[in-house]
Amino acid sequence: MASPKRRLQGLVAATITPMTEHGEINFSVIGQYVDYLVEEQGVKNIFVNGTTGEGLSLSISERCRVAEEWVTRGRNKLDQIVIHVGALSLKESQELAQHAAKIGADGIAVIAPFFLKPWNKDILVNFLKEVAAAAPALPFYYYHIPALTGVKIRAEELLDGIQEKIPTFQGLKFSDTDLLDFGQCVDQNRQRQFAFLFGVDEQLLSALVMGATGAVGSTYNYLGKKTNQMLEAFERKDFSSALNYQFCIQRFINFVVKLGFGVSQTKAIMTLVSGIPMGPPRLPLQKVSREFTDHVEAKLKSLDFLSFTDLKDGNLEPCS
Ligand SMILES: CC(=O)N[C@H](C=O)[C@@H](O)[C@H](O)[C@H](O)CO
Ligand SMILES: CC(=O)C(=O)O
C-alpha cells in the first residue's frame, strides 16, 4: 500500500509517451525524462497516460508497462505519480487501477467514458466509484475534460456528495475554461482537503485566483520553470510579476495555437526544448511538419525559452 502523502500541489507534468520512429514505446528515455523534469524544470509530480501521453491510444499492456517504467524511474526522485486509468470498458479501467496500486503509484485519475456516455451525474459517479473501488488504498481524482469526452456534466455538480460515494476521492483535474464551474468546485468544498488541479495552462493564473491548489498540463514538461516562477510570484502576492509570467507563457501558447496545437505538437516541442527524442505520435495523430518545428524553434529562441539563444539582442522578446 502506498504511504499516505500530503495533498498534491504545485505543477504536475502530463507526461508524453516517447515512441520510436516505428511507433513502439521508447522506454529507454524515461529515466532521462524524469531527471530533466526534476532538474531542469523543477517539476516533481507527473500525470501518466493521460491526453498528452496518448493513454487512450495505447493497449492495456502498454499502459501498464509505461506506468511501471515511470514509477520505477521516478522512485526517490519524484513526489507524486498519478496514473490515468480511464477507459471505455469498466473492466479495463479496474484492471489498470489495480495495477497502479500494485506498482505503488500515488493516485489514479479517470475521465468519463466517452463512447457510450453516462447521461447524468449519478451514473457517472457510479462508474467512477466502481473504478475507485478496485484500488481502495489509492487517492482518486476525477479528470474533467468535457471538450474531449463530450461529457458535459458540471464538475461542481459531480463533487456534491462525492466523498460519501467514493471515500478515496481526493480531487479534480479540471481541463475546461468554465471558471464559474471551477470556482464553485472550490467554494463548495472549502471544508475538504481536495486538490483542485487546473488543466488549461494558458489560463492558470485566473484559476489560482479562484483557488486552484495545483495544475496538471502538457506545457509543464518544457515551461515548468517559467510557470513555477509565476506560482512563486503569486505566492508572494506579486501579482504584476505573476501576470507578466502568464502573458509570457501565453505569447508562446498563442503562437502555437495559431499553428495548430495538440499532442503531436507537444511531442515536437518537448524534443526541441529538452533534447530528449519523444518520437512521432501514434495514429490517428500525425507527425508535425518540419516547418512547424522551425517556426517554433525561432519563437522559443526569441522568447529566450531555449538555453542556447543565438539571436541578436534586437530580435529578443524575453520575459523577465
Ligand atoms: C486538451 C489538453 O491536452 N489539455 C492539456 C491538459 O489538460 C493542457 O495542458 C493543454 O495542452 C495546454 O493548456 C495548452 O492548450
Ligand atoms: C494535459 C493533461 O493533463 C493530460 O495530458 O491528460
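In each ligand, atom 1 is the first atom listed, and ligand 1 is the first ligand listed. Please read these numbers as outputs of a predicted model, since none were measured by experiment.
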*asked:* At under 4.0 Å between heavy atoms, is it the side chain or the backbone of S175 that contacts ligand 1, or both, or neither?
replied: side chain
_D201 and ligand 1 - part of the residue with a heavy-atom distance under 4.0 Å_ = both
Hey, are [X] and [Y] close enough for a salt bridge, meaning a charged N less than 4.0 Å from a carboxylate O?
| X | Y | result |
| --- | --- | --- |
| R282 | E62 | yes |
| R190 | D187 | yes |
| K287 | E21 | yes |
| R73 | E69 | yes |
| E95 | R63 | no |

*asked:* Please determine whether the number of non-hydrogen atoms from other residues, nucleotides or ligands lying under 6.0 Å from atom NZ of K91 exceeds 12.
replied: no
Students should be able to answer this: which protein heavy-atom is nearest to [atom], and at what distance?
| atom | result |
| --- | --- |
| atom 1 (C) of ligand 1 | I145 CD1, 3.9 Å |
| atom 9 (O) of ligand 1 | S218 N, 2.8 Å |
| atom 15 (O) of ligand 1 | E202 OE2, 3.0 Å |

_Interatomic spacing from CD in E157 to CG in N120 - rounded to 0.5 Å_ = 8.5 Å
*Is the gap between the ring centers of F169 and Y142 under 6.0 Å?*
no
Starting from the N and O atoms of ligand 2, collect every protein N/O partner closer than 3.5 Å and put each pair on its own line with the distance to 0.1 Å.
unit_1, atom_1, unit_2, atom_2, d
ligand 2, 3 (O), K173, NZ, 2.8
ligand 2, 5 (O), T51, N, 3.2
ligand 2, 5 (O), T52, N, 2.6
ligand 2, 5 (O), T52, OG1, 2.6
ligand 2, 6 (O), T51, N, 2.8
ligand 2, 6 (O), T51, OG1, 3.3
ligand 2, 6 (O), Y143, OH, 2.7

*Check the angle between the aromatic planes of F194 and F196 and answer parallel, tilted or perpendicular using the 30° and 60° thresholds.*
perpendicular
*Using the six-membered ring wherever Trp is involved, compare the ring planes of F198 and F174 and label them parallel, tilted or perpendicular (cut-offs 30° and 60°).*
parallel
For [X], atoms of ligand 1 separated by under 4.0 Å from a heavy atom:
| X | value |
| --- | --- |
| V200 | 13 (O) |
| T51 | 3 (O) |
| K173 | 6 (C), 7 (O) |
| G217 | 9 (O) |

*Hey, does the Lys NZ or Arg CZ of K173 hover above the aromatic six-ring of F47, less than 6.0 Å from the centre and inside 45° of the axis?*
yes
*ligand 1 and G199, any nitrogen or oxygen pair closer than 3.5 angstrom?*
yes
